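Naming: A, B, ... by sequence-line order, numbering from 1 per chain. Not measured: the values here are computed from a predicted model. Values below: all heavy atoms of this structure, side chains included; hydrogens, waters and symmetry mates excluded.
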Amino acid sequence: MFEWEINAQEGSARAGTFYTPHGALQTPIFAPVGTQATVKALTPAQVEELGAQLVLANTYHLFLRPGDELIAELGGLHSFMQWHKPILTDSGGFQVFSLTDTRKVDDDGVTFKSHIDGSTQRLTPEISIRIQENLGADIIMAFDECAIPTDYAYSKLAMQRTHAWAHRCQAAKTRSDQALFGIVQGGIFSDLRAESAQTLAALDFPGYAIGGLSVGESKADMLRTISEVNQILPENKPRYLMGVGTPQDLIEGVLRGVDIFDCVLPTRLARHNSAMTLTGRMNLMNAAYARDERPINPDCQCYTCQHFSRAYLRHLVNAKEMLAATLLSIHNLYTLVNLTQRMRQAILAGEMQRFAQETLAAIAASQTVEEEV
RNA sequence: GGACGGUUACCCAAGUGGACAACGGGGACUGACUGUAAAUCAGUUGGCAGAGGCCUUCGGAGGUUCGAAUCCUUCACCGUCCA
């Protein structure tokens with residue numbers, strides 16, 4: 001179980017297969033985020049139809065509501081949410097970072113105020129693992145501390161804590177049918193990232209995540225950090241870049257050896273009326289689309305683009321109809337999932353460099369146009 | 001025919017002598033969003049100029065006043081009631 005094979009490699013880019021109890025992941029992949037055991041606005045059938053192989057859910061949210069023990073009692077997350085392909089649960093570490101005002105971190109763990117009812121809650125590596133074992137995902141994440149990536153002193157402290165917690169997560173883990181991934185931290189600092197990657201590599205996880213990026217640092221720092229970390233992480237394990245991202249980020253990530261991505265962007269943008277394309281975003285609220293009969297992207301094969309005009313989508317968005325969120329979520333997720341599928345094909349065919357160059361050039365060209373306007 | 005009440009920007013609606021280009025909603029327009037406290041948040045919404053600024057507005061016309069969306073006269077239209 002949790003065997004990882006590299007099917008093809010071109011430069012640092014890899015096409016691989018990761019075997020889990022709920023099926024094999026053909027990487028590179030983009031995983032839709034379903035924080036509360038649902039990819040917002042979509043049925044599992046729709047998520048599957050657009051080509052997603054893996055869905056992410058969240059420890060913190062499901063622990064607070066409806067409770068991990070309840071989900072275990074009901075047969076686990078797969079059965080509960082009726083998603084029968086692989087699931088990854090995040091450890092709650094990111095909430096430590098994002099719930100800035102209501103948390104207290106110490107070496108043992110984190111005390112939170114619940115965003116739902118204000119009650120005081122506690123997460124530690126052991127509690128996070130217990131929750132994730134109750135949820136029953138195929139891939140579970142070590143409990144980590146994410147920090148503001150440009151603060152050296154704090155990044156170092158958070159990194160050290162993350163390492164100690166990674167040990168404790170391994171020790172607390174009891175199920176053998178779940179793969180526990182370690183998370184590299186260290187902000188944008190080369191020495192910290194190197195230390196973090198080496199320390200975690202020595203712990204021999206079945207997979208590794210790069211955390212703490214795309215949270216405010218520059219794009220150059222993010223890309224440099226990904227390269228540095230992946231040079232150290234073992235090649236014979238999958239690598240997961242957490243919380244990324246945009247089409248450009250996915251291409252740049254794959255070029256630097258990333259296998260798995262997740263991001264809320266496609267589904268959030270969809271609910272906020274924006275359609276993603278490889279070359280930019282389209283705000284469907286804009287009056288310019290009122291009479292536009294074209295699909296969002298004439299080259300897109302998704303359900304939304306195969307059936308609906310920009311004019312109709314603009315109407316749905318404008319009228320605040322729920323279907324707008326569904327159709328835009330399908331399109332946005334398809335765009336990223338399809339991009340990772342095309343990158344896999346390109347790597348298998350030995351054409352990834354060319355594909356990346358062409359696509360990145362098109363993205364750069366569209367951004368230049370926007371700046372001139 | 002008479003008595004009251006009303007007419008404010010795209011719509012609803014506050015304002016009853018100076019702090020009013022005019023509260024607040026809605027609508028419209030625009031922007032942001034990267035391991036989801038997010039179907040959210042922010043900005044603009046009389047015209048002109050790169051800000052201070054200038055010009056034109058509160059049903060129409062006229063008047064009082066240093067000054068009017070606010071007071072007076074009159075006309076128009078809408079509503080309720082009495083003949």
Side-chain angles (χ1 to χ4, degrees), chain A residues 30-42 54-62 64-65 88-103 112-119 121 128 132 137 139-146 149 162 181 183-185 208-219 222-223 226 240-250 252-253 258 260-276 281-290 314 316-329 332 336 370:
Chain A
F30 178 81
V33 177
T35 301
Q36 306 210 64
T38 165
V39 177
K40 295 185 193 296
L42 299 181
L54 172 72
V55 158
L56 183 147
N58 193 281
T59 294
Y60 168 79
H61 296 264
L62 296 175
L64 292 182
R65 181 173 57 193
L88 180 155
T89 46
D90 190 17
S91 62
F94 186 72
Q95 280 62 43
V96 178
F97 174 71
S98 64
L99 303 181
T100 329
D101 300 331
T102 53
R103 67 168 186 216
F112 293 94
K113 290 260 189 243
S114 159
H115 70 279
I116 299 169
D117 63 3
S119 60
Q121 302 288 345
S128 177
Q132 295 189 77
I139 300 173
I140 65 177
M141 301 304 298
F143 189 60
D144 65 328
E145 184 181 8
C146 196
T162 295
F181 281 25
I183 304 178
V184 176
Q185 287 290 349
Y208 293 90
I210 306 172
L213 289 178
S214 214
V215 286
E217 79 285 357
S218 74
K219 187 124 307 194
M222 179 178 88
L223 296 180
I226 295 167
Y240 163 32
L241 177 57
M242 307 184 80
V244 172
T246 64
Q248 183 182 5
D249 291 342
L250 298 195
E252 299 282 15
V258 175
I260 302 170
F261 303 85
D262 81 284
C263 192
V264 304
L265 206 52
T267 43
R268 180 181 293 167
L269 287 178
R271 292 192 308 285
H272 296 176
N273 314 320
S274 282
M276 300 174 88
R281 296 178 195 173
M282 183 179 288
N283 185 348
L284 265 304
M285 189 115 87
N286 290 2
Y289 304 119
R314 162 169 154 88
L316 293 181
V317 157
N318 211 238
K320 300 177 172 53
E321 281 292 338
M322 293 187 289
L323 186 58
T326 298
L327 294 178
L328 288 174
S329 292
N332 287 351
L336 297 187
E370 279 167 23

Polar side-chain atom of A/Arg103 near backbone of A/Val96 as donor-acceptor pair, under 3.5 Å: yes
For atom OH of A/Tyr289 and atom C1' of B/A28, their distance in whole Å: 17 Å
Side-chain N,O (A/Thr35) to OP1/OP2 (B/U36) below 4.0 Å: yes
Closest nucleotide among B/U34, B/U36, B/U30 to the A/Leu265 side chain: B/U34
Nearest-Å distance once atom C1' is located in both B/U70 and B/U16: 5 Å
Aro-ring/base stack A/His61-B/U36, d under 5.5 Å, angle under 30°: no
Sugar-phosphate only, base, or nothing, as touched by A/Lys113 at under 4.0 Å among non-hydrogen atoms: nothing
Base partner of B/U73, which must satisfy Watson-Crick or wobble distances under 3.5 Å: B/A61
A/Tyr240 side-chain proximity, nearest of B/G35, B/A32, B/U30: B/G35
Under-4.0 Å side-chain N/O to phosphate OP1/OP2 contact, A/Arg271 with B/U40: no
Base paired to B/C81 (Watson-Crick or G-U; both N/O distances under 3.5 angstrom): B/G2
For atom CG of A/Asn273 and atom C1' of B/A28, their distance in whole Å: 14 Å
Shortest side-chain distance from A/Lys320, nucleotide among B/G27, B/A39, B/G35: B/G27
Who pairs with B/G24 - Watson-Crick or G-U, where each distance is under 3.5 Å: B/C12
Sugar-phosphate, base or nothing in reach of A/Gly212, heavy atoms under 4.0 Å: base
Any A/Ser114 side-chain N or O less than 4.0 Å from OP1/OP2 of B/A37: no
Nucleotide B/A32, atom C1' - distance to CE of A/Met276 in whole Å: 14 Å
Integer angstrom distance from the C1' of B/A32 to that of B/G67: 45 Å
Whether A/Asp262 side chain and A/Gly243 backbone form a donor-acceptor pair below 3.5 Å: yes
Nearest-Å distance once atom C1' is located in both B/C23 and B/C58: 15 Å
Shortest side-chain distance from A/Ser91, nucleotide among B/G35, B/U34, B/U40: B/G35
Any A/Asn286 side-chain nitrogen or oxygen under 4.0 Å from OP1 or OP2 of B/C29: no
Sugar-phosphate, base or nothing in reach of A/Ala325, heavy atoms under 4.0 Å: nothing
Exam field: side chain A/Arg281 to backbone A/Ala275, donor-acceptor pair closer than 3.5 Å: no
Sugar-phosphate only, base, or nothing, as touched by A/Gln36 at under 4.0 Å among non-hydrogen atoms: nothing
A/Glu217 side chain vs A/Val215 backbone, donor-acceptor pair below 3.5 Å: yes
Check: B/U36 base within 3.5 Å donor-acceptor of A/Thr267 side chain: yes
Nearest listed nucleotide, side chain of A/Asp144, among B/G35, B/A37, B/U30: B/G35
Whole-Å distance separating the CD1 atom of A/Ile140 from the P atom of B/G35: 21 Å
Sugar-phosphate only, base, or nothing, as touched by A/Asn318 at under 4.0 Å among non-hydrogen atoms: sugar-phosphate
Backbone of A/Ser91 reached by a side-chain donor or acceptor of A/Ser128 within 3.5 Å: yes
Between B/G35 (C1') and A/Phe30 (CZ): distance, integer Å: 11 Å
Under 4.0 angstrom between A/Asn283 side-chain N/O and B/C29 OP1 or OP2: no
Exam field: side chain A/Gln132 to backbone A/Ala137, donor-acceptor pair closer than 3.5 Å: no
Sugar-phosphate only, base, or nothing, as touched by A/Leu88 at under 4.0 Å among non-hydrogen atoms: nothing
Rounded distance in Å between the P positions of B/A3 and B/A13: 27 Å
Atom of A/Gly245, atom of A/Leu250 and distance for their closest heavy-atom approach: N-CD2, 3.8 Å
Pairwise C1' distance, B/G26 and B/U73 [rounded to whole Å]: 37 Å
Sugar-phosphate only, base, or nothing, as touched by A/Asp90 at under 4.0 Å among non-hydrogen atoms: base
N/O donor-acceptor pair under 3.5 Å between A/Asn318 side chain and A/Ala287 backbone: no
Distance, C1' atom - from B/A38 to B/G46, rounded to whole angstrom: 35 Å
Counterpart base for B/U36, defined by Watson-Crick or G-U wobble contacts under 3.5 Å: none
Interatomic distance at C1', B/C77 relative to B/C71, whole Å: 23 Å
Whole-Å C1' distance, B/A69 and B/U56: 15 Å
Touch class at under 4.0 angstrom, heavy-atom based, for A/Gln185 against every strand present: base
Closest contact, heavy atoms only, A/Leu284 versus A/Leu328: CD2-CD2, 4.1 Å
Out of B/G35, B/U30, B/A39, whichever nucleotide has its closest atom nearest the side chain of A/Leu56: B/G35
Residue whose nearest RNA chain B nucleotide is more 5′ - A/Ile116 or A/Ser274: A/Ser274
Any-strand Watson-Crick or G-U partner of B/G67, both distances under 3.5 Å: none
Distance in angstrom units between A/Leu336 CG and B/U34 P, rounded: 14 Å
Distance test, side-chain N/O of A/Gln95 to OP1/OP2 of B/U36, below 4.0 Å: yes
Between C1' of B/A37 and CG of A/Leu64, the distance in whole Å: 10 Å
Presence of donor-acceptor pair under 3.5 Å, side chain of A/Asn58 and base of B/G35: no
side-chain N/O A/Arg281 vs B/U34 OP1/OP2, d < 4.0 Å: no
d(CG, A/Leu269; P, B/U36) in whole Å: 15 Å
Who pairs with B/G50 - Watson-Crick or G-U, where each distance is under 3.5 Å: none
A/Thr89 side chain reached by A/Asn58 side chain, heavy atoms, under 4.5 Å: no
Side chain of A/Met322 - closest among B/A39, B/G35, B/A37: B/A39
A/Arg268 side chain, from C-beta outward: closest of B/G35, B/A38, B/A37: B/A38
